[in-house]
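Reviewing the structure listed below.
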Amino acid sequence: MRHFLLALLALAASAFAQTTVLYTKPAAGASGAISGKVDTELTHAIALNRDYTQCFRGDLSDGGKSFRISGLPVGKYDLICVTKGGQIFEGVELGEDGSKLPPDSVKHFEARIKKADTFFPKAKIHRFGLIEGGEKMMLFVERLRDTLILRQSGEKLDSNLRRIEVVELIKAKDDWQMLNTRHIYREEAPLMDNAPFFTHKFLPDFSNVRVIDSVKDLGSINLPK
């Protein structure tokens, strides 16, 4: 992202831990990689390791329809693909199904997510799951700012700002507390009022991709329309 956004991103900082460097550099000497070809133009192809700490952005070719994420250490990764048409396809492991949580619990964690970063007035929880016997929760969250953004010089920025992150919450009595967050996408978006969130789809085939010391080729992938 352009350098003039650095100051306002600092204003967005919250009390909990945040990502300081968005994408992990390819590991020196690592020959592991994930490649594939989709039927829709991408803007981002991302591999997130299973402990949510390393996030690698891939290279695109063939008009944005082929990707290769290189320099990956041996391990298991979940993929996130963002299309030019405003769709997210992801396979991030978030734990066990949490759909049976009591309504009050759901209300509490939804409120916690919205209040966690007020720089982004809009937040959408695309998906969530429970880990450690329900004591912790993992969430796939999109944040959007489609209100006034000023550059460091005080000039108006003629774009919106969008961020995607994986958030970790911990249970605290009858409420939830923010424990950590891993930003995996942060980009400007075309300027518009009432900007929509991305269309989201979970793809199991994008989960648990094992990488050794060679290229893991996923072949041709037909993304849902």
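Since we're looking at a predicted model, the values are computed, not measured.
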Using side-chain contact (heavy atoms from CB on, under 4.5 Å), reason through Glu142 and His200 one step at a time and then give a plain yes or no. CA-CA 10 Å; Glu142 178 183 355; His200 169 270; over 6 Å; no
Trace of the side-chain contact (heavy atoms from CB on, under 4.5 Å) decision for Gln87 with Lys201: CA-CA 8 Å; Gln87 300 167 296; Lys201 181 70 174 178; over 6 Å; no
Begin from the C-alpha positions of Lys76 and Glu93 and carry the test salt bridge (Lys or Arg N to Asp or Glu O under 4.0 Å) through to its verdict. CA-CA 11 Å; Lys76 294 181 179 180; Glu93 173 58 48; over 6 Å; no
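At distances below 3.5 Å, not a single donor-acceptor pair connects side-chain atoms of Arg112 with backbone N or O atoms of Gln177. With hydrogens and angles ignored, the 3.5 Å screen pairs no side-chain donor or acceptor of Arg143 with any backbone N or O of Phe120. Thr24 contributes no side-chain N or O that, together with a main-chain N or O of Phe56, makes up a donor-acceptor pair within less than 3.5 Å. For the pair Asn160 (side chain) and Pro190 (backbone), a donor-acceptor distance under 3.5 Å is present.
Residue Lys37 places its NZ atom among 12 or fewer non-hydrogen atoms of other residues, nucleotides or ligands, all under 6.0 Å distant. Around NZ of Lys216, the count of heavy atoms belonging to other residues, nucleotides or ligands within 6.0 Å does not exceed 12. In this structure, Glu41 places its CD atom where more than 12 heavy-atom neighbours from other residues, nucleotides or ligands lie under 6.0 Å away. Within a 6.0 Å sphere centred on CG of Asp59, heavy atoms belonging to other residues, nucleotides or ligands number 12 at most. A 6.0 Å sphere centred on CG of Asp62 holds more than 12 heavy atoms belonging to other residues, nucleotides or ligands. With a 6.0 Å radius and a threshold of 12 heavy atoms from other residues, nucleotides or ligands, Arg68 has its CZ atom at or below the threshold. The environment of Lys225 atom NZ is dense: over 12 non-hydrogen atoms of other residues, nucleotides or ligands sit within 6.0 angstrom.
Here the straight-line distance linking atom CZ of Phe67 with atom CG of Leu60 works out to 9.0 Å at 0.5 Å rounding. Note that CG of Leu130 and CG of Leu139 are 9.0 Å apart. Values are rounded to the nearest 0.5 Å. Separation of atoms SG (Cys81) and CD1 (Ile221) is listed at 6.5 Å; rounding is to 0.5 Å. To the nearest 0.5 angstrom, Ile69 atom CD1 is 9.0 Å from Ser35 atom OG. To the nearest 0.5 angstrom, Asp205 atom CG is 10.0 Å from Leu79 atom CG. Atom CZ of Phe197 sits about 8.0 Å away from atom CZ of Arg162, to the nearest 0.5 Å.
Clustering ILVMFWY residues whenever any of their side-chain heavy atoms sit less than 4.5 angstrom apart, transitively, puts Tyr23 in the very cluster that holds Val92. The cluster map of Ile, Leu, Val, Met, Phe, Trp and Tyr, joined by side-chain heavy atoms under 4.5 Å apart, puts Phe89 and Ile80 in different clusters. Tracing side-chain contacts under 4.5 Å through hydrophobic residues (I, L, V, M, F, W, Y), one reaches Leu218 starting from Leu42; they form part of the same cluster. Clustering ILVMFWY residues whenever any of their side-chain heavy atoms sit less than 4.5 angstrom apart, transitively, puts Val166 in the very cluster that holds Ile164.
Residues forming a salt bridge (charged side-chain N to carboxylate O under 4.0 Å, His left out) with Arg145 (at least two apart in sequence, or on another chain): none.
Side chain to side chain, His44 and Glu187 meet the donor-acceptor criterion of an N or O pair below 3.5 Å.
Considering only heavy atoms from C-beta on, Cys55 comes within 4.5 Å of Ile46 through its side chain. Side chains of Val82 and Phe198 form a contact here, defined as non-hydrogen atoms less than 4.5 Å apart.
Shown are Ile170, Leu101, Val167, Leu94; of these, the side-chain contact (heavy atoms from CB on, under 4.5 Å) with Met137 is made only by Leu101.
With respect to Lys65 and Asp39, no salt bridge is recorded, no charged nitrogen being found less than 4.0 Å from a carboxylate O.
Between Phe109 and Phe128, the distance separating the two ring centers is shorter than 6.0 angstrom.
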